[in-house]
Amino acid sequence: MNKIGNPKILFGICLAVILVAVPPFIKNEFVLNILIFIGINAILAMTNNLILRTGIWFMGHVAFYAIGAYAVLVGTRYLNLSYWVIFPIAGVLAGLMALVFGYVTRKVKGIPFAILSVALVEVVRLTIVTCMSGKPISCPSPDAILFWDFSEKIHYYYFVFLLAGLVLFFMHKVEKSRIGREINGIKENEEVAESLGINTGCFKVIILGICCGVAGLAGAVFAPYAKIVGHTSFTLTRSIIIIIYAIVGGSDSLWGPVIGAAFLTILPEILPGQASLQNIVYASAVLICLFFLPGGLVTLSGFFQDRRRPVEGA
Amino acid sequence: MKSGEERTILNVLGLSKKFGGLLALSDVKFEVREGRIIGIIGPNGAGKTTLFNVISGFLKPMKGKVMFEGSDITGLKPHRIAKSGLVRTWQLVNLIGNRSALDNIMIAHHLQYQVGPVRTAWLTPTAREEEETIRKNALGLMNRMGLEEYKHEFTSSLPHGIQRLIGVCMALATKPKLLLLDEPTAGMSSTETAVLIQLIREIRRQGITVLLVEHNMKVIMTLCDRIVVLNFGKKLAEGTPEEISKDEEVVKAYLGLEYKMNCHAA
């Protein structure tokens, strides 16, 4: 089998080459900033989408994003730890907290669970407001690795790009394996999955833990990049927008959340006019997308679609 | 029947279950011998499905015990019970509609996968190999049940009877020792019913014990070795098909006089 001949793999390679080769020539900080946020948002959208696809009504993704960000803030600023020590810890911490949250709420399903996760976002945010004085706090830059000292945006860009690439690769692997099928089965019909011997409770909690852990890593990248971290970055609205990324892009597709995140991160930046007007246009754009493309932006091109249909003759 | 070797595979000991004020099951007890087909009949609301839900772990009983192969499985999680070899099908067609029939059968092979989740997610060569083996097994199973032509169809677009057959096929994929079939012929045409009767015989030939809830008396009478009759959550009678069809109380509660007369005429 000629793997290079597969148009999807070819597309992935081309995109990766462009995304690696072009940014050093972008001198415009504004554009780089957008690219970095597309990366962070894509990571959040992909992981949150996997949780939703498992049939968990989860709206609390931003809580674990915040946990990751504040873990780094506290670790580097107050405990004087190296960023590279605290970075994995931030992910593990967010993941463990998600496991605990998932385990405690394991009997709650559907909309009540959604409400619980909304409450979680507020609990985390208000804890931050209470413990961290509520004012934005500056976060130190990561320690330099050789010449890579994170003094320029491009350094962050490659870091985010690598992380987002890994998450996308992981999603691809999961989807291709039996785990993707079983995730689908649990969402469609939890009782049947259970009666076939699948430990659905354990499955869901672990998916929640892994995905929220990755959200924590995204937060850990966000904190030093933003330089000043405040609780206003971690509101419920942000959590909902993360879900919107995946839905607008196409929640049933591997590339959907990435495309949605890219589209909706770029859109408000290129819209003219005042902030309030921008919001109206932004919301209208989302509505139009959902109305005319219920399957998401990916349905515009058959290229990204139908990954569930089994290959003929396989 | 070689009755000397038969051992008890399922022992239901005095199960009771209450929904609010309604006693859905009250002190139901019966025994299932290995390799038999046992039918459970009774009027609507007699507690047949509740009984299935309790045995398969989806409901916890108020009182009583379920012994499967000599060990107590009362109150275990459904997936644990399925793993031990007691697998059920569902009354409503319950398939994963946005997946192909083959994918559904492959999901049902979950218990046969040996490679752990990490290596599976990484698609290591062993995981790929295993995936191929499972795919072949699933195709083989569909072949034997005559479902091969539907393998690439989305299950939600298939006819009702075929969906039910796929449901049974999924249960078989778990390699059960005891299969609980909840009204398998509901909504099936008479041809499809005939196929299913053949299928259940074939399942028994493979050494799988079958517990069958069914309204179609023809199916019950042709297939079952023993019949348990439930009425208002209580066991009304138990016996061979002949004994049951002659039992006055059963005739009064469920079968009806007409059925008795037909039986005598035949």
Side-chain angles (χ1 to χ4, degrees), chain A residues 1 3 9 50 53-55 106-107 166-207 209-211 214 250-253 295 305-314, chain B residues 53 56-58 77-90 92-113 115 117-124 127-128 130-132 134-135 139 151-152 154-156 167 170-171 173-176 180:
Chain A
M1 197 172 76
K3 277 195 170 182
I9 292 173
L50 189 66
R53 274 168 42 106
T54 318
R106 67 194 180 282
K107 301 251 157 126
L166 284 175
V167 174
L168 185 68
F169 186 63
F170 171 75
M171 293 291 158
H172 167 76
K173 288 274 187 188
V174 163
E175 181 58 35
K176 285 274 172 192
S177 73
R178 71 179 158 104
I179 297 171
R181 262 199 319 264
E182 284 164 10
I183 283 176
N184 198 212
I186 292 173
K187 175 170 185 182
E188 278 277 304
N189 220 318
E190 195 172 336
E191 283 191 327
V192 169
E194 185 83 17
S195 75
L196 295 170
I198 299 172
N199 190 348
T200 53
C202 180
F203 209 109
K204 285 162 84 173
V205 171
I206 288 175
I207 292 279
I210 293 175
C211 289
V214 176
S251 54
D252 273 349
S253 146
Q305 275 183 289
D306 262 1
R307 67 187 170 139
R308 270 192 201 148
R309 204 171 267 286
V311 185
E312 279 309 314
Chain B
N53 283 338
S56 57
F58 283 90
K77 285 266 175 66
H79 69 90
R80 294 279 312 229
I81 293 175
K83 203 173 177 184
S84 68
L86 194 165
V87 177
R88 66 169 299 170
T89 64
W90 298 82
L92 300 169
V93 176
N94 268 301
L95 297 170
I96 292 139
N98 59 3
R99 287 269 180 172
S100 71
L102 179 62
D103 274 352
N104 271 272
I105 311 277
M106 286 178 76
I107 290 173
H109 276 81
H110 171 82
L111 290 171
Q112 262 91 63
Y113 282 94
V115 179
V118 175
R119 279 194 292 162
T120 304
W122 208 244
L123 294 178
T124 59
R128 279 169 196 272
E130 184 178 47
E131 180 85 358
E132 269 316 297
I134 297 286
R135 185 188 293 277
L139 280 173
K151 64 183 175 191
H152 291 318
F154 278 24
T155 49
S156 53
M170 283 167 77
T174 59
K175 301 216 160 117
L180 272 57

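Lettering of chains follows the sequences in order, A, B, ..., and the numbering in each one begins at 1.
With a 4.5 angstrom heavy-atom cutoff, B/Val115 touches chain A only via backbone atoms. Heavy atoms closer than 4.5 Å to chain A are found in both the backbone and the side chain of B/Ala108. Only the side chain of B/Thr174 comes within contact range of chain A, with at least one heavy atom under 4.5 Å from a heavy atom of that chain. If you measure heavy-atom distances from B/Ile134 to chain A, you find no contacts under 4.5 Å at all.
Comparing A/Val174, A/Ile206, A/Thr200, A/Ile198 by how many heavy-atom pairs each has under 4.5 Å with chain B, the most go to A/Ile198. The greatest number of non-hydrogen atom pairs below 4.5 Å with chain A, out of B/Lys83, B/Met106, B/Glu130, is found for B/Met106.
At a cut-off of 3.5 Å, with distance as the only test, no side-chain donor of A/Arg181 or B/Asn104 sits close to an acceptor on the other residue.
Taking NZ of B/Lys151 as the start and OG of B/Ser100 as the end, the distance is 10.0 Å to the nearest 0.5 Å.
Using a cutoff of 4.0 Å between basic side-chain nitrogens and carboxylate oxygens, A/Arg178 and A/Glu182 are scored as salt-bridged. With salt bridges taken as basic N to acidic carboxylate O contacts below 4.0 Å, none links B/Lys77 and A/Glu194.
Annotation: cation-pi pair B/Arg99/B/Phe154 absent, no NZ/CZ under 6.0 Å from the ring centroid and within 45° of its normal.
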